[in-house]
Asker: 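Shown below is the structure under consideration.
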Amino acid sequence: MANTRGRRELCSETDEKMAGKAEPECLVFYVNGKKIVEENADPETMLLSYLREKLRLTGTKYGCGGGGCGACTVMVSRYQPWTKNIIHFSANACLLPVCQLHEAAVTTVEGIGNTRTRIHPVQERIAKAHGSQCGFCTPGMVMSMYTLLRNRPHPTLEDITEALAGNLCRCTGYRPIIEGCKTFCGASDCCQSNGNGLCCLNGDKSEEVEENGHAELFDREDLLPLDPTQELIFPPELIIMAETQERRTQTFRGERITWVSPVTLEELVQLKAKHPSAPLVMGNTNIGPDIKFKGILHPVIISPIRVRELSEVTQTSRGVCIGAGCSLSAVKVLLEELVQELPLEETEVFRALLQQLGNLGGQQIRNVASLGGNIVSAYPNSDLNPVLAAGQCTLSVVSEGGRKEIPVNKDFFVGFGKTALKPEEIVLSVFIPFSKRGEFVRAFRQAPRKENALATVTSGMRAKFIVGTSKVEDLSIYFGGMGPCTVGATKTCQELIGRLWNEETLNHAYRILLEEMPLPPSAPGGKVEFRRALTLSFLFKFNLEMQKKLREMNVVLEDIPGEVSSALRPLPRQLQSSLQEFQEVAQGQHSQDPVGRPIMHRSAISQATGEAVYCDDIPKSLGEHYLAIVTSTRAHAKILNIDASEALKLPGVVDIVTAKDIPGKKFRTFSGIDEELLAEKEVTCVGQMVCAIIADTKQHAKRGAAAVKITYEDLPDRVFTVEDAIEKKSYFEPRREIERGCVTEAFEKADHIHEGEIRLGGQEHFYMETQTVLVIPSGEEREMKVYLATQHPTYAQESIAETLGIPSNRVSCHVKRLGGGFGGKVTKAAILASITAVAAWKTGKSVRCVLERGEDMLITGARHPVLGKYKVGFMNDGSIIAADVQYYANAGNTGDESILVIEKILLHLDNAYNIPNLRGRSAACKTNLPSNTAFRGFGVPQSMLVTENMINDVALALGRPAEEIREINMYKQVSLTHYKQEFDPENLLRCWSECMEKSAFQHRRKAVTQFNQCNRWKKRGIAIIPIKYGIAFAEGFLNQAAALVHIYTDGSVLVSHGGTEMGQGIHTKMQQVAARELRIPASRIYINETSTNTVPNTCPSAASFGTDANGMAVKFACETLRHRLEPVIRANPKGTWESWVKTAFFQKISLSATGYYRGHDLFMNWQKQEGHPYAYFTYGACCSEVEVDLLTGDYRNVRTDIVVDIGRSINPSIDIGQIEGAFTQGMGLYTLEELKFSPSGVLHTRGPAQYKIPAVCDVPLTFNVYLLKGSSNPHAIYSSKGIGEPVVFLGSSVFFAIKDAVAAARKEAGLSGPFTLHSPATPERTFMACATPFAQMVPASKPGSYQPWAINV
C-alpha cells in the first residue's frame, strides 16, 4: 500500500474499551426523550410493532412492512464518540430491529409536537398547505421532512424531493406536500431559478396573476417559524454511556432467533466461523423482508453494527478504502466530498457510483443499508455491482484464515444471490480506485419508476484509451438485470480492445453484445426484448459519451451532431411554480360563512401530529385475539382436506375458522351473484379465502396460518385472460348492449373505416391503510360492536348480521376515518368483517384482523383490466359518423360489482363526442383470478380510454392533429346522450377552450414540433383530453342520505351523517354546511364518526356523490334546528348563540334534529336502452406535455394544465386536492402501474417493491389547476358538483402525450398511421413502440413457443 492521504470514519459506534462500568445485558434507548430499558428484546420485533403495541405510539403507521412506502418513518439519532457529533437519520421503523437500538434515540411524530402542547412547524405547514387528505401517510412525510430540517435547517427544493422520495401518498398528488415543505427553503433557492425572477414564497406566479389578484390556497405568512432551539435534545445519558461504558457483546434470544451483536472484529470473525450460515445484519433491508415475506428462518443473526473496523475509511494514493458497514448515505456523502476535493480525472468511478446511489432506494433505506450488504446480496439487477465490477474495485475479506483481496468481477457473482465468498468470510472493506488519465466510467439504469425502484437493467462501463489516441487499451462492461446475477460482456470487450473507437467498431460491437446477452423468453421478470435492447441502448449512450470525451481531448475532430447529442442530456427534473385558480366567494358573504373558502381539512393537524385515530390505532383490549387469513394456492381446484393440526400446536394459536363455523349465511350476494365468505368445497382463484387462524398475537396468527395444510385436487379449464374467457364463453350475465342510430348502415357511407384495439391493465387500489377490522362482542344479547375501515358501514352491518344469523340492530359498525378507500373498501371489507365476526362469535373475545400489504393486494381485487375493440367509420374532414365498440372486462372469479361496472362503461363510451351512430357492447368475463371490484371511476377510465384511442387512431389515419379530430366531433349544443338523457355541453366547451388558452396549446404544439426536429433521441409529445362524467348512482335508491344534528346546551354542535371520511374531506364540507345553515363558526361543530347506530341505512360513500347527498341531509337538519330557534332569536336579537341555545332548552325546544334527503330519481332501462342515470355531468379538460427518452422509454411530465367545471366549489382547497390526487392516480393507471400474474394465476406484484404507484418524482414539473369560473349547478347543494372520480381519466392526457411523442419517433423510423400502444404506457411499451434501431435489432420471441413469466389478463 502507498502512503495514506488521510483517514475518515463513518456511521459506527466506537469499540474503544474504556475501564469502568460493565455494559448491562439489557437494551437501553430513548423514545421521544423517555428512557426505555428492554430486558427481553425479541430479534423478530421491529421498532414499528414495538412503538405501536408496547409504547402505544400509534402515530407511526404500518403501510407495507417492507420499507417501500415510508408510512413508518422515524428519526434515529446516535452519538459518535470519535467525532463528538450527534447524527440524525430517517429510517423505516418496519425494518429496524429493536435489538439494534442500544444507545440510540428515536423520535416519532408524537415526539416533535401535538395539539395539546405545541405543534411543530413541519406538522403545521403540511396541514395548512393541504398536504394531508386521508392522512395515513402524513406522519411519515412529517418525519422525513423533520429529519431533513434537523440536518439542514435551510434545505433546497432538491433536498426536499430527495428526502420525500421514499414516502408514498395515494391521495394528494404530492404537490401540496411539496408546497408546504418548500416554505422552509431559503428565498434564494425556493424556486430554483424559475427563469422569470419570480418567487413562489411571496405568491408571485406571473404578471397576469398579480394583475388579477390571484387568491392563494393557504397563507404563507401565517406560519410558525422554525426554531431549532426548541427541538428535543439528544439524551446526555447516552453520550455518557458511549464515552464511558465498556463495549461488550450483546445477545438477545427470542422464540425462534438468537441475535448476537459483537463489538470487535476478532469476535465477529469467531462468531462467523462458529455460525457460518448466520447472516450479517446491518440495515436489515435484505434479511428483514426475507424473514417477513418469504418465511426464511435464521436461527442465529449476527449484527456487527458496533464493529468499528467495518466503518473505517482510508484514502491512499491509489484510491479509497470504504468500510463494508458504511451506510449507502454515508458512502454518498463521502464520494461527494471526494469529487469536490480530487482532480476530475481521478473521480470517474466515484461519479458513476454517485449517479446510481441517487436512485437506489429511498432516503430511509440508504440511511441504514450498508455498502457491503448491498454487494454480497448479489441481486441480479444490482445498481452498484456492475459499476464496481467495471471500475475494477476489490473487496477486502477476513476470516479465521486471515485476510485476502477479492476482485469484484464476473467470477465473484456465481448465481442468484450468491457470490464466491465462503460462508465464514466477511467483507471488511471495498477498495474503489482513482481513475487514470484517458480512463472513463459511466453508469446507466432503467427502472419502472424514475426513483426508489429496483432497476430493470443497470450497467457499468469503463473504457481506457491509449493516451493521445482513440485506440481502446482496456474495456469493461457489466450488466445487472440480464441474468441471475451481474454479468460481464467479456466477448464484446475483447473484440473492441486494441481497435479505434468509431462508428464502424461500435456497429460491430452491438451485434456481438446482442449475442452475448441472451435471455430466455420465459426469464423471471419478463420484459425480455426490452431488457436485451436496453443493453444496446446503454452501449450506444456510452459510445456517445466516449466520442464526446475524445473530442474534448482533441483526439477526434468531429463533433457529435446536435440532434444526436440529445441522447446524453438527461430528462428535465426541476419542479417549477404551479397555479391553483379558483372562484373566490361573493362580495358581501359573511366572514363567518365558510362555504366557498379554502378551509383546511378538519383533521389535517391531528393527522400531521399522529393523533388522528385509525382503526388499528384503537387500543388492544384484554384477551384480544388476532386473525390471519389462509388463502388458496390453486387457481381452480377441489378442496379435499383442511388440516390445521400442526397450526393448532404452535405457541399462541387459539383456534381455526372455516365455513363450517359460520352460523348464518355463508355467502354474500351482489348484483344477484353469490360470493362465498370462505371457500368450502372448491377454490376458483389463487388468493381466495379458505379459512382463518385465531391466535394471541399477530405473529403467532401468521405462523399458524402458514402451518395450515390444504389438500387440493386441480380442476381443468382454468381461465385467466379475456381471450380465454371469450373462447370459452365464460361470462357473468347479463351482458349489456346499447345503440344509437344505425351503425351498420353508417359504415357503408363512411369515407374510411378503421379497426383497432387497446388493452388496459388492472390497477391496485393501494390505499395506504390496508383492510382493517376489530370486532368486540359485548357478551350481552349477541351484540357486536365493530370498528372497521369501510366506505359502506351499513353493508358491513348487514353482512355481519346475516353471517351470524342475528338482527342488524345487534350490530353497530363504527368508522372514524379511512386511510384511503378508492372503491376498494366496500364489498371485500364487509366479507373480511363477517369472517372476523365469526371468529369473535366462536371465541367470545375481541378479534382484530389487519391484512398485510401483500395479502391485501392478493385478496381484495383491483380495477378491472379491459380489452377494448372498435370499428370506426369517418369522413375525410375528420367527422366520425359511426363507431362500434366492444368491451371485455376481466371480472375475476366472482361477480362483485362487475355488472354495474360494465354498465357504466357503456354509459360513458361517448365521452364528449356526438357520434350519430354509436353501438357499444360490454361483457364481464368470468376468470380464475381474484375478483375485481369497484375503483375510483368505476369503469369510466377504461371506457373513455378506448374511445379516445379510437379518436387518436382516426387522427393518425388522416395525418391530422388529434385535438382537431376531438374538437370536430364534440357535442356542440343541447343534445341527447346515446341513452337519451338531455344535457347542455356549454361548460364542456368552455373547459376545452379555456384549457387550450391557459396551456398556450397552439404555441406549445409548434414548440414540440420544433423540438422533435432538433432532437433525434428525445421526443416531446402533447395532448389535450376532454371529459363528460355522469354524477350520482344510476340505481336511484342509492342517492338517499340522512343526518343527525345535536346542539348541546353549551352551544357546541355534533353532526352525524352517513358519509365516511377517507381523505375526500366530506366531514370538512359537512362542517361548512352546518356552519352556514346554523350561522355559527365552524369551530363550534364537531363530527365524531360514522356509525350505524346514529344514522341507519346509509348508502356507500362513492360515485362522487357523498357531499351532494349527505350535504343536503345535514342542511335539512340544520334548517330544522334554525327554524326552531328563530322565535328565541327574534325575542333576543342581541343575544349570543349560547344564550339562544340555553333559552331554547329551558323553553323545551328540541335541540336535536334529523335530516333526510331523498335524492334524485335516477334509472336506466337496459331493455329500452334509455334512461336518466345521472343527476348532472362534471366537465373538464386536461393538457399534458411529456419528454420521452427513446433509448430507455423513460418519460418526464413537463407540464399539466387542468380546467374543471365543478360548479361553485364548497371548499376549493379540498376540491383542487381531489383533482390533483385523481389526476396522479390516473397517470399511474395509464403510464406506470402494472399488475403481473403468472401463467398459473399467481399475482407476482404484492407490494411497493414490485408494484409502483406514482411518487414525488412523478409530479408534473409544472402542475396548474383551474376551476371554471362563472359556473353553477342547480342539481346539487350550493351549486357545487361532485369531483372525486372524474379527473382520474384526465391522467390519460399523459398517455396520449407519450403516444404523440412515440408517433414522432416512429415518423423518423419511416412508420406512419395508427399503431398499438397498450396501457399502461410503461417505459418498456413506450420504448418498443418507438421502433428505434436498437429495438428492431432484437428478434421477437414467437408467441406460443414458450411460457411467459407473466400474462396479459
Side-chain angles (χ1 to χ4, degrees), residues 671 791-792 794-795 821-823 826 897 899-901 903-908 910-911 934-941 943-944 977-984 987-988 1027-1043 1057-1060 1062 1064 1066 1069-1070 1073 1097-1116 1155-1166 1170-1180 1204-1210 1215 1218 1222 1271-1289:
S671 301
Q791 296 170 238
H792 198 348
T794 292
Y795 184 62
F822 313 115
V826 180
E897 300 190 58
I899 300 301
L900 301 179
V901 168
E903 288 177 354
K904 196 159 186 174
I905 281 175
L906 288 191
L907 294 177
H908 284 80
D910 63 332
N911 190 11
F935 197 141
R936 193 179 199 174
F938 208 74
V940 177
S943 172
M944 289 184 178
T977 64
H978 53 297
Y979 45 86
K980 299 182 177 63
Q981 178 172 337
E982 187 176 275
F983 77 103
D984 186 346
N987 282 359
L988 167 66
I1027 187 172
K1028 170 180 67 70
Y1029 191 102
I1031 300 295
F1033 292 96
E1035 301 73 25
F1037 71 93
L1038 291 174
N1039 296 313
Q1040 61 184 306
H1057 62 92
T1060 56
M1062 49 192 165
Q1064 85 281 37
I1066 191 169
K1069 288 184 175 182
M1070 296 306 99
V1073 170
N1097 310 320
T1098 59
C1099 295
S1101 294
S1104 304
F1105 202 65
T1107 295
D1108 287 22
N1110 292 286
M1112 291 300 288
V1114 170
K1115 182 176 185 286
F1116 291 158
Y1156 176 72
Y1157 175 62
R1158 190 174 182 277
H1160 301 272
D1161 291 321
L1162 305 178
F1163 68 97
M1164 180 64 201
N1165 188 320
W1166 285 99
E1170 63 182 50
H1172 195 290
Y1174 301 116
Y1176 57 86
F1177 296 94
T1178 292
Y1179 305 110
V1204 191
D1205 166 31
I1206 58 168
R1208 293 194 64 88
S1209 172
I1210 292 175
D1215 289 339
Q1218 287 290 288
S1271 173
S1272 61
N1273 176 32
H1275 307 292
I1277 185 166
Y1278 302 148
S1279 208
S1280 64
K1281 283 190 175 185
I1283 191 56
E1285 294 178 293
V1287 180
V1288 170
F1289 172 66

Asker: Please check: side-chain N/O of N1273 versus main-chain N/O of S1280, any donor-acceptor pairing under 3.5 Å?
Answerer: yes
Asker: Quick check: does any side chain N or O of T1107 sit under 3.5 Å from a backbone N or O of G1111, one acting as donor and the other as acceptor?
Answerer: no
Asker: What's the verdict on side-chain contact (heavy atoms from CB on, under 4.5 Å) for Y1278 and R1208, showing C-alpha distance, side-chain angles and the deciding distance?
Answerer: CA-CA 7 Å; Y1278 302 148; R1208 293 194 64 88; over 6 Å; no
Asker: Among D1205, N987, T1178, find the residue that satisfies the side-chain hydrogen bond (donor to acceptor under 3.5 Å, both in side chains) test when tested with K1281.
Answerer: D1205
Asker: For the residue pair P1286 and I1031, what are the closest heavy atoms and their distance?
Answerer: CG-CD1, 4.1 Å
Asker: Taking H1057 for its side chain and G1059 for its backbone only, find out whether a donor-acceptor pair lies under 3.5 Å.
Answerer: yes
Asker: Hey, what's the ring geometry for F1033 with F1105, parallel, tilted or perpendicular (30° and 60° as the breaks)?
Answerer: perpendicular
Asker: Rounded to the nearest 0.5 Å, what separation is found between the OG atom of S1279 and the CD1 atom of I1210?
Answerer: 10.0 Å
Asker: On a heavy-atom basis, which atom in P941 and which in V1288 lie closest, and how many Å separate them?
Answerer: CG-CG1, 3.8 Å
Asker: Which value, rounded to the nearest 0.5 Å, describes the distance between L907 atom CG and F938 atom CZ?
Answerer: 11.0 Å
Asker: Check for me whether the distance between the ring centres of H908 and Y1174 falls short of 6.0 Å.
Answerer: yes
Asker: Nearest heavy-atom pair of Y1176 and G1282: which atoms, and what distance?
Answerer: OH-N, 2.8 Å
Asker: I'd like to know whether V940 forms a side-chain contact (heavy atoms from CB on, under 4.5 Å) with E1285, so could you lay out the CA-CA distance, the side-chain angles of the two residues, the decisive distance to 0.1 Å, and finally the verdict.
Answerer: CA-CA 9 Å; V940 177; E1285 294 178 293; over 6 Å; no
Asker: How far apart are the closest heavy atoms of N1039 and A1032, and which atoms are they?
Answerer: OD1-CB, 3.6 Å
Asker: Can you sort out the partners of D1108 under salt bridge (Lys or Arg N to Asp or Glu O under 4.0 Å), two or more places apart, ordered by chain and number?
Answerer: none
Asker: Roughly how far apart are N1110 CG and K1115 NZ, rounded to 0.5 Å?
Answerer: 14.5 Å
Asker: Working note: L900 + E1035, criterion side-chain contact (heavy atoms from CB on, under 4.5 Å); need CA distance, chi angles, decisive distance, verdict.
Answerer: CA-CA 10 Å; L900 301 179; E1035 301 73 25; 3.4 Å; yes
Asker: Using every non-hydrogen atom in the two residues, find where G1207 and S1271 come nearest and quote the distance to one decimal.
Answerer: CA-OG, 3.5 Å
Asker: One pair to check against side-chain contact (heavy atoms from CB on, under 4.5 Å): K1069 and D1215. What are the steps and the verdict?
Answerer: CA-CA 10 Å; K1069 288 184 175 182; D1215 289 339; 2.6 Å; yes
Asker: Quick check: does any side chain N or O of Y1157 sit under 3.5 Å from a backbone N or O of V1114, one acting as donor and the other as acceptor?
Answerer: no
Asker: Does the Q1064 side chain pair with the main chain of T1060, one donor and one acceptor, at a distance under 3.5 Å?
Answerer: yes
Asker: Verify, without hydrogens or angle tests, whether N911 (side chain) and K1028 (backbone) share a donor-acceptor contact under 3.5 angstrom.
Answerer: yes
Asker: Between L1038 and P1100, which heavy-atom pair has the shortest distance, and what is it?
Answerer: CD2-CD, 4.0 Å
Asker: Counting distance only, does the side-chain N/O of Q791 pair as donor-acceptor with the main-chain N or O of S1101 below 3.5 Å?
Answerer: yes
Asker: Does the H1275 side chain pair with the main chain of H1160, one donor and one acceptor, at a distance under 3.5 Å?
Answerer: no
Asker: Can you tell me how far CD of E897 sits from NZ of K904, rounded to the nearest 0.5 angstrom?
Answerer: 10.5 Å
Asker: Could you tell me the separation between the NE2 atom of H1172 and the NZ atom of K980, rounded to the nearest 0.5 Å?
Answerer: 14.0 Å
Asker: To the nearest 0.5 Å, how far apart are CZ in F1163 and CZ in F1037?
Answerer: 16.0 Å
